[in-house]
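Worksheet: the structure to be examined is printed underneath.
Every value quoted in this text rests on a predicted model; they were computed, and no experiment measured them.
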Amino acid sequence: MREGRSAGAVQTEELRSMAAAAGRRMGPSWWGFSPALDLQVHCLQGTIQHLTSSDGLPELNILLVGGGDGRHLLKTICQASRWPHRKLKFFIIESDLELLARHMLFLSLALEHPEQMGLQEKSELFLELFGNSLIRSKTANYLQEKSELFIQCVTDPDYQQCVMPFLNLSSIKFKERDELEDIFKFWRIADPKLFPIDKYWDGKNRRHLGTRYDSRKGAYDWDLSMKLHDRGAGVINSREYNYWREKGVAFMNREGVYDVPNKTLASQMVVPQSSGKVLTRGYWGDITTSPYVAFGIETEEKSLLETANGVHVKSAQEIALHNIISLFHELATGKVYSVPASGQAEAELVKPVGDYKTNGDQTAAETIEEKAEAEDTKQSKYKGFITLNNVEIHFLPLSWVNELHCKGRFTNFFNLLYFSSSMVHLLKPEYKVIAASKATLVLELTKFMVDLQADKVQSYVSIVTKLAQGAGFTSDEPIDWKTHYIARFERGDDSVELQTAQ
């Protein structure tokens, strides 16, 4: 037993060192290190066959541990109309509260009513906030405006359920609510000097490159061609990648001046200084892999992946914009997006047609009849979101990542479990208790993590496979470390139930 625990500890430490090598333990994972997934695509057939029903609908319970940027959540929700009607329940655990704050921002942006914001503008705004260190003043104004809404949501549960009924914050502790409020208040402040991200970015770049800083363009080119291109992200071109590595600005789909710090990329970290350890605000995220991997290297529209003389015709920025437009269009209309006819720019898209029911519409009568005048005043300022039918999103405290198996409500509960590469070391044998019969486990691999050499990427696969087996899961297919960016496992029938603490 001692040897077994020692081996497990070694595996966990190796996983943590891999994450640290790519800078991910140094702060939040602002964007994913693998493309966005429609999680229903990756649900094994056995999982679907064992779903239980609620109110006449099959219920798919999904646990996301360390998703980071919400890309899997968004894509799964946006493409839900492609699947038989199911009730989707997401339970989200993140390493940092700033990531939960960004979830709220991206969800509210995706659900903006078409009469409030056009599809093109919404998509450009999303990418700007998602992956840019610097944003336009118009985007900053939008962020400040939304921060007011979020502050009310985390401080007034009744108001939050009124305007964002799809979101459940009931498990979030009071202390964490207070910290979320502080994050949104920081976003609301207009002063750019409070978060000089250009200074933070350059400082982190210098520390990362060391003596190579003066010849950094060569380092950028090496990482792009020998790492990202060789591993399948060839659509990222050197111009956009080098500019992002230098400035932290990945998406410039709209002409304008990008000079306002993106405060959603700010987080706090304990940093050792001469006076001792000090909690310091800064930029502690990725500076090597890029935000392009999440939405910009794969697409259903294969014409965007065409090459001419061995060079991709479209850039990762253009592909990412198309993908986000497609997702938001499908979310609003329930129909798959079609590329505009030849000669029509994607920017000329007509707003989706049809009648939209909004949460604002649904609660207006109730507000007049049941709410006090002050509550009615707050509601009158709210324009409404596109309604999410049969979708629940639950935010869970980080501490629960080691406690879920102790909570009776989650016994044999989750049909699909996802762990990011930055948090997979938290996958423990106890997780077999909360996995439903024939549950699917999806683990993010490290294929696109630039700071990992090929041998580390390869060994990572065998390590996470052992972790999955320890939790009662077996692989449903061979895992190729050169081509796969996720690994999929199924809960075995012979998994032994652990005793849960009541």
Side-chain angles (χ1 to χ4, degrees), residues 11-35 66-69 71 95-96 99 131 133 197 200-236 238 240-248 250 265 267 269 271 282-294 296-297 316 419-425 443-464 481-487:
Q11 291 172 3
T12 299
E13 286 307 312
E14 189 168 352
L15 284 171
R16 286 173 175 163
S17 67
M18 285 184 178
R24 299 179 70 182
R25 276 188 72 204
M26 296 299 289
S29 298
W30 297 122
W31 38 79
F33 290 75
S34 57
D69 54 11
R71 66 196 185 283
S95 61
D96 298 83
L99 294 172
S133 62
I197 193 170
Y200 299 146
W201 189 276
D202 183 65
K204 187 167 185 179
N205 217 359
R206 288 175 182 272
R207 291 190 297 274
H208 173 74
L209 293 171
T211 57
R212 297 182 297 159
Y213 181 81
D214 290 337
S215 56
R216 57 192 179 279
K217 189 178 183 302
Y220 301 161
D221 290 339
W222 175 269
D223 287 343
L224 178 63
S225 61
M226 302 305 292
K227 301 286 184 67
L228 289 171
H229 284 180
D230 278 1
R231 297 177 187 179
V235 72
I236 304 175
S238 60
E240 61 189 355
Y241 180 75
N242 287 358
Y243 191 78
W244 174 78
R245 285 289 297 264
E246 189 71 13
K247 301 291 185 181
L265 297 180
S267 63
M269 177 180 171
V271 178
Y283 177 78
W284 310 109
D286 168 52
I287 60 167
T288 57
T289 295
S290 85
Y292 300 123
V293 171
I297 65 172
F419 282 77
S420 70
S421 54
S422 64
M423 295 185 72
V424 71
H425 60 278
L443 302 182
E444 182 184 43
L445 302 180
T446 55
K447 176 181 177 181
F448 294 112
M449 293 179 72
V450 166
D451 289 334
L452 292 186
Q453 300 299 324
D455 62 327
K456 291 293 186 182
V457 175
Q458 183 177 11
S459 63
Y460 181 92
V461 173
S462 62
I463 293 172
V464 297
W481 67 273
K482 291 183 179 180
T483 58
H484 292 173
Y485 51 78
I486 61 168

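Centroid-to-centroid, the aromatic rings of W201 and W244 come within less than 6.0 Å.
Between L224 atom CG and Y292 atom OH the span is 10.5 Å, to the nearest 0.5 Å. Rounding to the nearest 0.5 Å gives a distance of 8.0 Å between OG of S215 and CG of L209. Atom CG of residue D451 and atom OG1 of residue T289 lie 6.5 Å apart, to the nearest 0.5 angstrom. With rounding to the nearest 0.5 Å, the separation of OG in S133 from CD in E246 is 11.0 Å. The distance from atom OG of S420 to atom CG of D69, rounded to the nearest 0.5 Å, is 10.0 Å. Separation of atoms CZ (F419) and CD1 (I486) is listed at 15.0 Å; rounding is to 0.5 Å.
Of the possible donor and acceptor atoms, none in the side chain of K204 sits under 3.5 Å from a partner among the backbone N and O of Y283. Checked by atom type and distance alone, the side chain of S29 never pairs as donor or acceptor with a backbone atom of W31 at under 3.5 Å.
When only modelled atom types and interatomic distance are considered, N205 and Y200 share no side-chain donor-acceptor pair under 3.5 Å. Under the 3.5 Å distance criterion, with hydrogens and angles disregarded, no donor-acceptor pair is assigned to the side chains of D286 and W30. In the model, E444 has a side-chain atom that pairs as donor or acceptor with a side-chain atom of S34 under 3.5 Å.
Residues S459 and S462 come closest through the heavy atom pair O-OG, 2.8 Å. Closest approach of A250 to G131, counting heavy atoms only: CB-O, 3.6 Å. Closest approach of T446 and S421 over heavy atoms only: CG2-CB, 4.0 Å. The two atoms that bring V235 and G296 nearest to each other are CG1-O, 3.4 Å, heavy atoms only. When all heavy atoms of Y460 and L445 are compared, the closest pair comes out as CE2-CA, 3.8 Å. Considering all non-hydrogen atoms of both residues, A316 and I236 come closest at CB-CG1, 4.0 Å.
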Q: Decide yes or no on side chain to side chain contact (heavy atoms under 4.5 Å, CB included) for M449 and V457, but give the supporting numbers first.
A: CA-CA 8 Å; M449 293 179 72; V457 175; over 6 Å; no

Q. Run the side chain to side chain donor-acceptor pair (under 3.5 Å) check on Y213 and D202 step by step: do they pass?
A. CA-CA 10 Å; Y213 181 81; D202 183 65; 2.5 Å; yes

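For residues 221-234, the pairs satisfying side-chain hydrogen bond (donor to acceptor under 3.5 Å, both in side chains) are K217-D221, D221-N242, D223-R245, with sequence neighbours left out.
Under 4.0 Å is where a charged nitrogen must lie from a carboxylate oxygen, and between E240 and K247 no such pair does.
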